[in-house]
Amino acid sequence: MAVYSLSQAIASLTDTLKQLKFQTQSDPIIQLSVSIKPVPAIAWLAAQPCYPRIYWKGRDTEEEVAAIGCCKDFFYADNIDDNQLSIEYQKQRALSNNQDIRYYGGVAFDRTTECWPEFGRAHFVLPRVELRRHGNDYKLLVNLNCETDNAESERDQAITSLAQLAPPKPLPPPNKINILSRSDRPDRYRWTELINQVTHQKFIQETPKVVLSRLTQLEINQPVDPWMLLACWQGRNKNSFQFGFQFSPDSTFISCTPERLYRRRQRELFTEALAGTTTRGLNLEEDKVLAQTLMEDNKNSHENRLVKDHIVDALTPLSNYVGAESIPKVFKLSHIQHLHRSIRAELKPGIDDFQLLQALHPTPAVGGLPKEPAMSFIRQSEGYARGWYAGACGYFNKYESEFAVAIRSALIEPGRINLFAGAGIVSGSEANSEWIELENKLTTILSILTEF
């Protein structure tokens, strides 16, 4: 198979599009692809003139995707019930049997509350053009939506999109950001109030875990390239999912998160319980001591076990088999380490992604237990809209899907950087130590913004 340069690939795809014969019996979604020589994905994405811009890199897969434009999407900004979302999901999934057709996007943490503009309660995009890397193999792909009588228009739009593609150019170098001010919501006083409410004996008997979070807003007076920021973050935490969604020039959501919601390959499903946190040590010996202390800590072990038990219970009605590690392991990131249990399931025939999203999202690692009273407390008490923070972001098609939980994330807006962090509050939680945990979780991204 020929391997083209980027310019040769564009010319080849354009020629194929011009000669393409549309047939009524073919799939409504058509995808063309050619193999190309290596291209730096984030740098290529940042150079493109059109939106949306989407980036996805798996945590433990050799896959990276940079995608631009919109061939087809579904977007819900207002109240949407799960039945409507399920119907829309099934419609999209039925449009093609091609295993390479993918919709990228996300679902908000709470689909019943105020959402972020452009991101919505749910927003998924079939991109116009994709650059995909699997290991050392690169492909350039173009998608056409011929669902109605618009085949010729789709051809023209695809050719135009290819003609507008720009070559990659170096990302701007990292530089120290001048932070004018910082505000936290909830602030430290309110945080202490909330911890005391959640850990009150009467409350915790009925709701043994609530994950409280904080929005940290940094006011700035200089532009920040979100793709440069994500690339730096990626370099610090390589064993995390990395993704970004930029639906317009003014707002970009990026995440470098350790937590998988699930990965599905046909009927095989992989998920995990990631809960319980401590810092990294200054040297190997201290790091080992902290990890061992984390493993033996009753509060953190209890928190992890709650999450594991809930996921197993949620998957059991959908599965022929569910198995979870009995003893957690330590999952290490650059500045913190977590307790982690792997969970595997064999799904029953006919179980689809939307049923999995309904069952697993939001997990007890970002919401709480039981789900509804914990979510109700968060809605009423946190004082800000989480939006896609702690939401489910990833991709789906008929044969496979992967979603991550957007816990280490940032929303970049003109003049402002919004950072998010949360902590699982259970019996024995103390306001001061949980506030310090929030600070630890922001250490990596804050160091990127302020150290250069």
Can you name the closest pair of heavy atoms from Val307 and Ala365 and give their distance? CG2-N, 3.9 Å
Non-neighbouring partners of Arg344 that pass salt bridge (Lys or Arg N to Asp or Glu O under 4.0 Å), sequence neighbours left out: Glu268
Would a distance-only check, ignoring hydrogens and angles, find a side-chain to backbone donor-acceptor pair under 3.5 Å from Arg260 to Tyr262? no
May I have the list of side-chain donor-acceptor pairs in residues 438-445 shorter than 3.5 Å, sequence neighbours left out?
| from | atom 1 | to | atom 2 | distance (Å) |
| --- | --- | --- | --- | --- |
| Glu439 | OE2 | Arg182 | NH2 | 2.7 |
| Glu439 | OE2 | Arg214 | NH1 | 2.9 |
| Glu439 | OE2 | Arg214 | NH2 | 2.8 |
| Asn440 | ND2 | Ile436 | O | 3.4 |
| Lys441 | NZ | Gly422 | O | 2.7 |
| Lys441 | NZ | Glu437 | OE2 | 2.7 |
| Thr443 | OG1 | Glu439 | O | 3.2 |
| Thr443 | OG1 | Asn440 | O | 3.1 |
| Thr444 | OG1 | Ser334 | OG | 3.0 |
| Thr444 | OG1 | His335 | ND1 | 2.7 |

Sequence-distant partners of Pro117, side-chain contact (heavy atoms from CB on, under 4.5 Å), two or more places apart: none
Student check: side-chain heavy atoms of Pro49 and Ile68 closer than 4.5 Å: no
List in chain and number order the residues that pass ring pair (Phe, Tyr, Trp, His ring centres under 6.0 Å) with Phe420, two or more places apart in sequence or in another chain; answer none if no residue qualifies. Trp116, Tyr389
Side chain to side chain donor-acceptor pair (under 3.5 Å) partners for Glu152, two or more places apart: Arg155
Could you tell me which residues satisfy side-chain contact (heavy atoms from CB on, under 4.5 Å) with Val198, sequence neighbours excluded, listed by chain and number? Phe203, Val210, Leu212, Phe377, Ile425
Could you tell me whether Phe124 and Phe396 have their ring centroids closer than 6.0 angstrom? yes
Whether the Glu118 and Ser248 side chains hold a donor-acceptor pair (N or O, under 3.5 Å, no angle test) is what I'd like checked. yes
I need the full list of side chain to side chain donor-acceptor pair (under 3.5 Å) pairs touching residues 319-332, with sequence neighbours left out, sorted by first then second residue. Asp287-Lys332, Asn320-Glu346, Glu325-Lys329, Lys332-Gln337
Can you sort out the partners of Glu382 under salt bridge (Lys or Arg N to Asp or Glu O under 4.0 Å), two or more places apart, ordered by chain and number? Arg386
Where is the tightest heavy-atom contact between Ile311 and Glu272, given as atom of each residue plus distance? CD1-O, 3.2 Å
Name every donor-acceptor pair, under 3.5 Å, that has one atom in a side chain of residues 51-58 and the other anywhere in the protein, sequence neighbours excluded.
| from | atom 1 | to | atom 2 | distance (Å) |
| --- | --- | --- | --- | --- |
| Arg53 | NE | Gln48 | O | 3.3 |
| Arg53 | NH1 | Gln246 | OE1 | 3.3 |
| Arg53 | NH2 | Gln48 | O | 2.4 |
| Tyr55 | OH | Glu64 | OE2 | 2.5 |
| Tyr55 | OH | Gln234 | NE2 | 2.8 |

Partner residues of His338 under the ring pair (Phe, Tyr, Trp, His ring centres under 6.0 Å) criterion, sequence neighbours left out: none
All salt bridge (Lys or Arg N to Asp or Glu O under 4.0 Å) counterparts of Arg341, not counting sequence neighbours: none
Pairing residues for Glu206 by the salt bridge (Lys or Arg N to Asp or Glu O under 4.0 Å) criterion, not counting sequence neighbours: none
